[in-house]
Amino acid sequence: MALKYPLGIQTFKRLVKEGFIYVDKTEMVYNLAHSGTYFFLSRPRRFGKSLLLSTIDAYFSGQKELFKGLAIEKLETEWESYPVLRIDLNAGDYTVDVSNLINKLDGIMLNYEETFNIPKQGDTVGDRFGNLIRNIFNKTGKQVVILVDEYDKPLIANIERDKWDLQEKMRNTLKSFYGNVKTMDPYIKFAFFTGVSRFSHVSIFSDINNLTDISLDARFSAICGISEEELHHYCDEGVAELADYCQMTKDEAYTELKHMYDGFCFSAHGKAMYNPWSIFMALNRREFDSYWYATGTPTFLIKLIREKRIDLTQLDSHIDADSSTMMSNDDNDNLLAVLYQSGYLTIKGYDAKARTYTLGIPNGEVMQAFSANLLPYYSHLDRPQAGSLRAKIFRAAQAGNVDTLLTTLKGILAEAPVESNDERIIELNYRNIVAIALRMSGLDVHIEQPTSAGRIDLALEADDYVYIMEFKRTTLEAAALQLESRHYADSYLNDPRKVMKIAIALDDSIKNISSWQVLE
């Protein structure tokens, strides 16, 4: 029987009833439900937050029959049913006026007032929310379960600087609405908030002072996503079909899936996780591609990167941050928090003594597609042109065609606008554009790769070739001398691929590559 992949399906009951793959997270759901009352979880988009809430909904609704054969079946003995309020803010346009948010909440309240036959009471949607919780308890004798999906969507929709006034109105509305959870504590069994960001976490949830943030909690780091073990357990048949279709071995398919979609980590001691959307898309289409990233890159994020003049060559290196920097978005301007919470950076290591995390780009999919989306903002090229150049760079690198490779890079640099005469900014633009263009190809790119004698400016790895590049803003001879005198190629002495040593001269007068030479 062919595997059924849950593409776009976020309802636990439907997955179970219709035989779609469900990666069993119910043991963690049980542990979470018995660990406290108020919880918050931040995860990137397309990572299974809505499905998690649907699973929690079914559990607290007492739908025991749906959990047959799952871990929670052996853990839960009571299966008591509670009234559940689901508040989903994912769908809706919040970019025009705060009334859109108020109308959204009004519709949700009206639906539950009619469901439980409770009269509308209260001057605001927040007042009605509190009244609804209390009256449901009084009517059923059961505490209420509150599940909020994408609590921060109205704020993220207005994260750009020219929308901060509207965002502040959204923030105040949400604060007033969610604040009723604190005053209704005796009537609440469980409350769980999810979102991409911990954006304005303190100000919105300031009244809920006992909210537990599990976003970096090792016990729940795998509550969304797919681990290596889960991939093999649930999807081995699908990986075999993918391998056969792509004319590769199953081991090779697993290796490529790991390179493309694995690497997300959400705690200091957590497992590396695959992006579930990308995995299921790749197995369903039997093609390795950028699926998660194709759903869009926030314009705000690109603008912030340009505005702060970030050295993009360092994003996959060693970025140190503490938990508060990674998780707080209260100033609308914390690029590191946006990158981490959105999934463009993830945890690569942790220093327990310094209590700092090392961050980096998770995997090949994010690296490749992030670069493809960034290139139009660093040049006058549009997305179709960037896609065409991506293929040209890839083919040239795979074929060992240095002239085509460098000519293409030179053409991309020629399209970059000159924004400053500051040498540091010019140098940064050189580095960013070259790194973006090469990483866009999907090949392995290493910037400032350390060796015993120094750092290689750039190393590009294809199937049969390794390109070691040294860039100099002085002369071609200076670049060649450094390549030879520091023996950079020795790093690949045991590599069966052909090593191409390339000296490259940059000309500030034309803001571009002027010449290059392949050394013997």
For [X] against [Y], the heavy-atom pair lying closest together:
X	Y	value
S491	I456	OG-CD1, 4.4 Å
Q167	L155	NE2-O, 3.2 Å
E230	D24	OE2-O, 4.2 Å
A489	K501	CB-CD, 3.7 Å
L345	I361	CD2-N, 3.9 Å
Y467	G400	OH-CA, 2.9 Å

Polar side-chain atom of [X] near backbone of [Y] as donor-acceptor pair, under 3.5 Å:
X	Y	result
R390	M440	yes
E365	Y291	yes
Y94	L89	yes
S54	S50	no
D244	A240	no
Y488	R455	yes
K348	G263	no
N363	V366	yes
K153	N90	yes
S515	A505	no

Look up atom [atom1] in [X] and atom [atom2] in [Y], then write down how far apart they are to the nearest 0.5 Å.
X	Y	atom1	atom2	value
D152	T194	CG	OG1	8.0 Å
M273	R43	CE	CZ	8.5 Å
E470	L476	CD	CG	11.0 Å
D444	D463	CG	CG	9.5 Å
I436	S441	CD1	OG	13.0 Å
I468	E461	CD1	CD	9.5 Å

Judged by modelled atom types alone, do [X] and [Y] share a side-chain donor-acceptor pair under 3.5 Å?
X	Y	value
D236	Y254	yes
D213	S215	yes
Y245	E287	no
E228	Y274	yes

Check whether any side-chain heavy atom of [X] lies under 4.5 Å from a side-chain heavy atom of [Y], and answer yes or no.
X	Y	result
L283	C235	yes
Y234	I226	no
D490	T451	no
L166	M170	yes
C224	L41	yes
W277	L7	yes
L438	L443	no
F266	I347	no

Surrounding CZ of R497 (heavy atoms of other residues, nucleotides or ligands, distance under 6.0 Å), is the total greater than 12? yes
For E27, is the CD atom crowded, meaning more than 12 foreign heavy atoms sit under 6.0 Å from it? no
Worked check of side chain to side chain contact (heavy atoms under 4.5 Å, CB included) between F220 and N31: CA-CA 9 Å; F220 303 107; N31 293 337; 4.2 Å; yes
Identify, with sequence neighbours excluded, every residue that meets side chain to side chain donor-acceptor pair (under 3.5 Å) alongside D217. R219
Centres of the Y357 and Y340 rings: under 6.0 Å? no
Tell me if the centroids of the rings in F47 and F264 come within less than 6.0 Å of each other.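 Yes, the ring of F47 comes within the 6.0 Å limit of the ring of F264, centre to centre.
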Under a 4.0 Å threshold between the charged nitrogen and the carboxylate oxygen, would E229 count as salt-bridged to K271?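 Answer for the salt bridge query: yes.
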Kindly indicate, with the supporting measurements, whether the criterion side chain to side chain contact (heavy atoms under 4.5 Å, CB included) is fulfilled by L405 and L460. CA-CA 11 Å; L405 180 63; L460 173 66; 4.0 Å; yes
Within 45° of the six-membered ring axis of F20 and under 6.0 Å from that ring's centre, is NZ or CZ of K4 located there? yes
Intermediate values then yes/no, side chain to side chain contact (heavy atoms under 4.5 Å, CB included), L409 and I504: CA-CA 11 Å; L409 286 178; I504 302 171; over 6 Å; no
Mind telling me whether W292 and Y344 have parallel, tilted or perpendicular rings, with 30° and 60° as the class edges? tilted
Below 30° counts as parallel, above 60° as perpendicular, anything between as tilted: where do the rings of Y261 and F288 land? parallel
Candidate pair E150 and V196, rule side chain to side chain contact (heavy atoms under 4.5 Å, CB included), full reasoning: CA-CA 7 Å; E150 304 292 358; V196 168; 4.0 Å; yes
